[in-house]
Amino acid sequence: MLGLKLTLRIGRDIIDVMGKLLSKLARRSTYSENLADSRAVVSDIDSYDLLDKATILLTPTATSDARVHSVKTYTGDELVTNGGFDTDSDWTKGSGWTISGGKANATNTSININQNIGNQQGKKLKVEFDVNFISGSYLRAEIGATLGYNITSSGRYSTIITPSTTSGLLYIYGGNFTGSIDNVSVVDVSSDFDFDRASSATRINSSGLVQDMQSITDPELVLNGDFEELGDELVTNGGFDTDSDWTFLDDSWQIIDGKLILTDTSTTNVNQAIGLVQNKFYKIVFTIANTTLGGVRVRLGTGAITSEFTNGTHTIYLEQTTTNDAFRLYASTSGVFNGSIDNVSVKQLNVDSEGNDIWTLGTGWSIEDGKLVGTSVSTQFAQQSFTFIDGNTYKITFDITGADTLINDTSFRLPYDGTLGNIRYLEKDSPDGTYSHTFVAGTSPTLYLGYIDNGTYTGTIDNISVKDVTFSTDVDLARINYDSNGENGHILLEPTSTNLVTYSEDIDSLNDGEGEVGVNSTLTYESDVVAPDGSLGVYRIQNPATASTYLQVTNNTTAAQSMSVWVKAKTVGTNNQFTLYRDGTGGSASDVKTATGDWQRFEYSWSTVGSGAYFINNDGDTYTSDLYVWGIQVENLPYATSYIPTLTGSTVTRAAETLVDSGNTTLINTDQGVFYAEIARTSNNADFELISLLQDSDTSTKIAIGFYESNNNFFIRTYYNGSDVYPIYDDIAPNLNQFYKVAVKYNRNGINNVWIDGVKVVSDVTLNVSAPTNPLTHLKFDWNPANTQFPFHGKCKALAVFNEAIEDDELELLTGVTNYGSFSGLASANGYTII
Amino acid sequence: MGKGVVKLGEGNWAVKDGNLLAAKETNGRFKNAEFTVTRGTDATYVGKDGLIKTASFYNILPYSEDFSQSAWQKSNITLTPNSITSPDGILNAYKLTKPTSSQPRLFELSVYPTTGVHTFTSFYKNLDGDSVLIRLDAGNNTANCNVDLTTNTLVNSGANIISSNITQLSDGWIRVSVTANILSTSWVLDAANLFDLSVDSSVYIWGAQLVEGTEALDYQYTNGKEGIPRIDFTDNTDGHLLLEPESRNLIPYSEDFSEWSNVYTILTPNQSSPDGSNNAFIIEDENATAYRKVDETITTNATPHTFSVFIKKKTSAVSSYSGIQMGTGFSYVVFDSFNGTYYEHDNTNYDNVEVQDFNSNWWRLKLTATVTTSTRVALWGAISTSATNINNGATGSETFYGAQLEELPYATSYIPTSGSTVTRDAEICTGAGEAADFNSEEGVLYAEIAKAQDDNDNFIVMSLNNDASNSDANSVTIGFDNGQDFYFRVKSPSGTYINATISANENQFYKVALKYKSGDIAVWIDGVEVLTSTDTYTFAVDLDNLSFDLNGNGTLPFYGKVKGIKVYKEALSDTDLQNLTS
């Protein structure tokens, strides 16, 4: 039975299935994104009735430090019972342990509390619990004779343990530990992958912007960078809900019906002592309504009185210039105000939770209207306490106006750490906009801003951001990369590569260093143009139709094989053509490139490896180019890889990525199954690039999907007991960056075949062989169980292992490019009119 | 083996120019397994509302996507097919490039026979060309619309332009519609004029459509207008595929009876008709002393012919009866348009007289006989007062529509004429599926089918076969033979099972299933296992093609009605086959 059975989906709710999977995934991962696409992939597989058969299912959605999480693990179920210690049960308590108050409490004990979670030998288990560490030498977990790490402070304990014995006892114990534990969790995560990349790297994020992976985890380090930081509310009864808290000098001002009104002509004020501090800045908000005559004025202490305000909610910024601490409201200069006042608020600006100034302002600097304002400021800093780490790289970005007030190009210091060698200047007459400064810091305890070496400065600064962009091995995240339109999320794996250009974005500095702008070219900075990474400000190069017009991007000695750069036309359709050019022995130029109104990354590679200089030249129909240029990269690889920013005058190397060690004998059926991947080749690399199901130690049985070394074709192989089941499949050369759905059905006692994009490309081969001595245990993005050999460098949108040899029609669905959930959907997609 | 089932029909119908959609359904997912359909002419069918429709196209342009066709004129323009993915998700959009400074145009000349208000629509996407000019009366410059592809804005010009509109789609595509009143009787449509582009600049185009009226209408694919499959809803709500042989309506005016020879009848035109418009006639006899009729004499072959005509139902019992006759040597058919009954009076009886209860308002009367070389067809508004005789004292009227005389022993779908005879081409429906959709070792070919005549002139069959061989040497066939029986066959080089011994009635739907598996062949009809065989066989090549003929090559095409087809990849159990055919 039963070909006749229609596809009723009984008793299953896809939303519940998806929600359950993603919920489990969220528990195991630190970061998640691309959920809609991943949900679509999983939903498709579920709609084919294959989800239950998948033991490993990887989509580009969930990562943690050095981990990439499979959407579907073996069960994902919680293995611990009563991990929240809601009752005094399920646990065996050693001496010194008690369960009470929803926790397991320990008093100076080195004995364990334990629970049997069953035989988990060989599985990767994620063990977590909360620790309140009061005293002792350590606390740790142990399962099946495998120890977790020692924790010596309070926090969330989290580790991966692979039990080496069949013992299923989960032990938690310490050395003379006093404290408590709670929320104990053990989950089988054997389908998750180990990830490694010993450097940062960039990706295209889901907004279509270039993003440094480090920035995902880098916190904002500056305080009050938007100058909007406010202290506590200083006014009591600002809503005039009661007739209290305000001081009236006569009966003319009164609180009536929740409003402050003036009942007679009066030049007196109504005030409240709110602790105003001299030389501090305050944000004042109030609402005036129903004004028919006169207006309201505001005063801090005994300082200057503002001009009149009438109807509306008003926000003003004032400095307290006197020692009187009262906030005052006046009617017009003639003492007239026919209207009402409500919702009065006064808060101190630039103050932390302890009442201290965040920014220390030198003479001439003030905070007004949510900005740092310089008024004829000279040799004075705006500064704040800041702990720079010696040797780390910091990137500071900020918005500025008023560069036209500078006296020259070496007067306004960009924000820095006070180290003499890190001083750089904002050029005179730079347009208003966003600028950045990246430098390697010393040990300075202070962030300095706005020192004027010569002349004065009048303008505003806002939105200061300071980030430590030094690569940290503490958080090593795999890249979920997207197409330039922010769609089509995939895991991107690349080899190591170095950007040989020393300033990839700061072309002015490049011009001063290892690059050169042709003497007849013009290089300018346009601060209002959005760069491919979403920041403001890029360089524009104008190359007129004459000699010596180019942008040389390295010195003349660098050996390389490819070049890439983001380019956008200044004017769409005009002077927008150029070539990428390699000088030196065997020099060559790319075909003519045409820039558009959108940022595009243009690439050029050449076959001759050798030293030379590399250029962006004017070319095309007019031989004149006027282009925005960003993110220049020269690599000694025969193809361009993802962008590697170089911001400090040095080359930067992105390390190779590895993604390995998912699976075990439970998840991978050695006798039969289906190995499926949706992958794209990113280069015509001269090496194998493989994803494999592997044995633990020997190599006599393997199943591999990937790309061939010699002809850039597919490479698909099923290898049982030292023999190929069918000749290695390598008949088709996949298009670069095009995703293909590949499935290998393997069966040592049945039919083997291969499918690509819905077509059976290797016909049925019936096999009948004995079981391999060693079972398949590993799923890796390479070809060797022990080492990194033939790593897969490319894109992966989905990877799955099914633990049975599913039927051909289901493989057709799984790998098919076009199938639909309904007849009407099929009809609509194919241009049919439904009758 | 497999779970997939190739399905056609059973209430799921979808058609387009030249194709009928079948689907392979596996685990609730649907994959394309479409048939190719050719006919070459318009044809009528009965829609869901019971009215006669024409299977035709509202998109006037013959090739909506294939701009390489000569119907699309090119001037100073470079076309690159399959440049990017079009809005239908397929890599089939054209890139249009301006190669020189001369004015580049992609235009259509053949639209000039139709004037009046028209709406042109097409899909565009910018590359670096930034604009495209659309002109509905290019030669006279009376209806222009310039599309700025960078801002997606439109600028109209010309005296006859009525409106334009732009619809934003995904992936940068837009659909532009331009409506204009075309006055010129010799006008040219510019689908893309790239005069404003820089040299070597390009735009993309896909899906052009021109319709009459002010509404853009949903995009309708055309590819030479080879034919839209007909899904007919006569006598059922799920519809059936109607496949018919070539036929010609020999009557030059099938609807306008004023063009017939009129023997003193009173003709009242503009009556509501079975096609929903007002083009039927009342034929009235007001003289109580004479016969009154309209007739036409047609040159015919001395072969079986069928005359058919629609007669409006009376809503109460009648006292006078209309008359219909084909061939002066044959009977006068006295017709009761209230009860739908008839009486053959005098002369030779017809081989067959059939009254079809066409819909709630109309009968269709069909007379079949072998005629002579000159055949008169005649209609009397009142020919009898008794229903069992004729008499010239009868007076009264009848409403007639859609007279058809065709050289076939049965009536086919109505073929309208208006001044000359009209031929409806034969339909050919072939080529569904691929090897992965079928199982050459075992399976079931099922269909719910009906034939149009009791005693067929020829075999009408459908088969699973091998596409490349163009042969029935390896095939599984079901249908009807060239007599009165069903036809079932499993044919292979190593053995052939044939049976054609079970009779089938005309116009009756049967659910038939042929289970094929070497040594286990069975035929089920309407829930009953009627034949079994243990004949063994082995196909020499894969079965990879499902077609409405014997061999995938047009031999012995199936003409009749098809409510549904299913092809299973496994030999179903008896229980399943019983359920399937019940």
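In what follows, every chain begins at residue 1, and chains take the letters A, B, ... in the order their sequences are listed.
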(request) Find out whether B:L21 and A:F823 are in side-chain contact, i.e. whether some heavy atom of one side chain is under 4.5 Å from a heavy atom of the other. (result) yes
(request) Please flag which part of B:E434 lies under 4.5 Å from any non-hydrogen atom of chain A: side chain, backbone, both or neither. (result) side chain
(message) Using every non-hydrogen atom in the two residues, find where A:L826 and B:A23 come nearest and quote the distance to one decimal.
(response) CD2-CB, 3.5 Å
(request) Only one of A:D808, A:D49, A:L813, A:L811 passes side-chain contact (heavy atoms from CB on, under 4.5 Å) with B:T26; say which it is. (result) A:L813
(request) Not counting sequence neighbours, list each pair that qualifies as a salt bridge (charged side-chain N to carboxylate O under 4.0 Å, His left out) and has a residue in residues 810-829 of chain A. (result) A:K53-A:E810, A:E810-B:K3, A:E812-B:K24, A:E812-B:K31
(request) Find the one option among B:D17, B:D218, B:L197, B:L20 whose heavy-atom pairs under 4.5 Å with chain A are most numerous. (result) B:L20
(message) Once rounded to the nearest 0.5 Å, what's the spacing between atom CD1 of B:I228 and atom OG1 of A:T833?
(response) 7.0 Å
(request) Can you see which heavy atom on B:N27 is nearest to which on A:Y48, and at what distance? (result) ND2-O, 2.6 Å
(message) Within the 4.5 Å heavy-atom criterion, are A:I835 and B:V15 side-chain neighbours or not?
(response) yes
(request) Starting at CZ of B:F30, measure out to CG of A:N830 and round the result to the nearest 0.5 Å. (result) 13.5 Å
(message) Need one label for B:F233: side chain, backbone, both or neither, based on atoms under 4.5 Å from any heavy atom in chain A.
(response) side chain
(request) Using a 4.5 Å cut-off on heavy atoms from C-beta on, say whether the side chain of A:Y832 contacts that of B:N19. (result) yes
(request) Apply side chain to side chain contact (heavy atoms under 4.5 Å, CB included) to A:T594 and B:D128, showing your working. (result) CA-CA 9 Å; A:T594 301; B:D128 53 9; 4.3 Å; yes
(request) Side chain from CB out, backbone as N, CA, C, O: work out which of these in B:N12 comes under 4.5 Å of a heavy atom of chain A, or both, or neither. (result) both
(request) Flag the pair B:K569 / A:D809 as yes when at least one side-chain heavy-atom distance between them is below 4.5 Å, and no otherwise. (result) yes
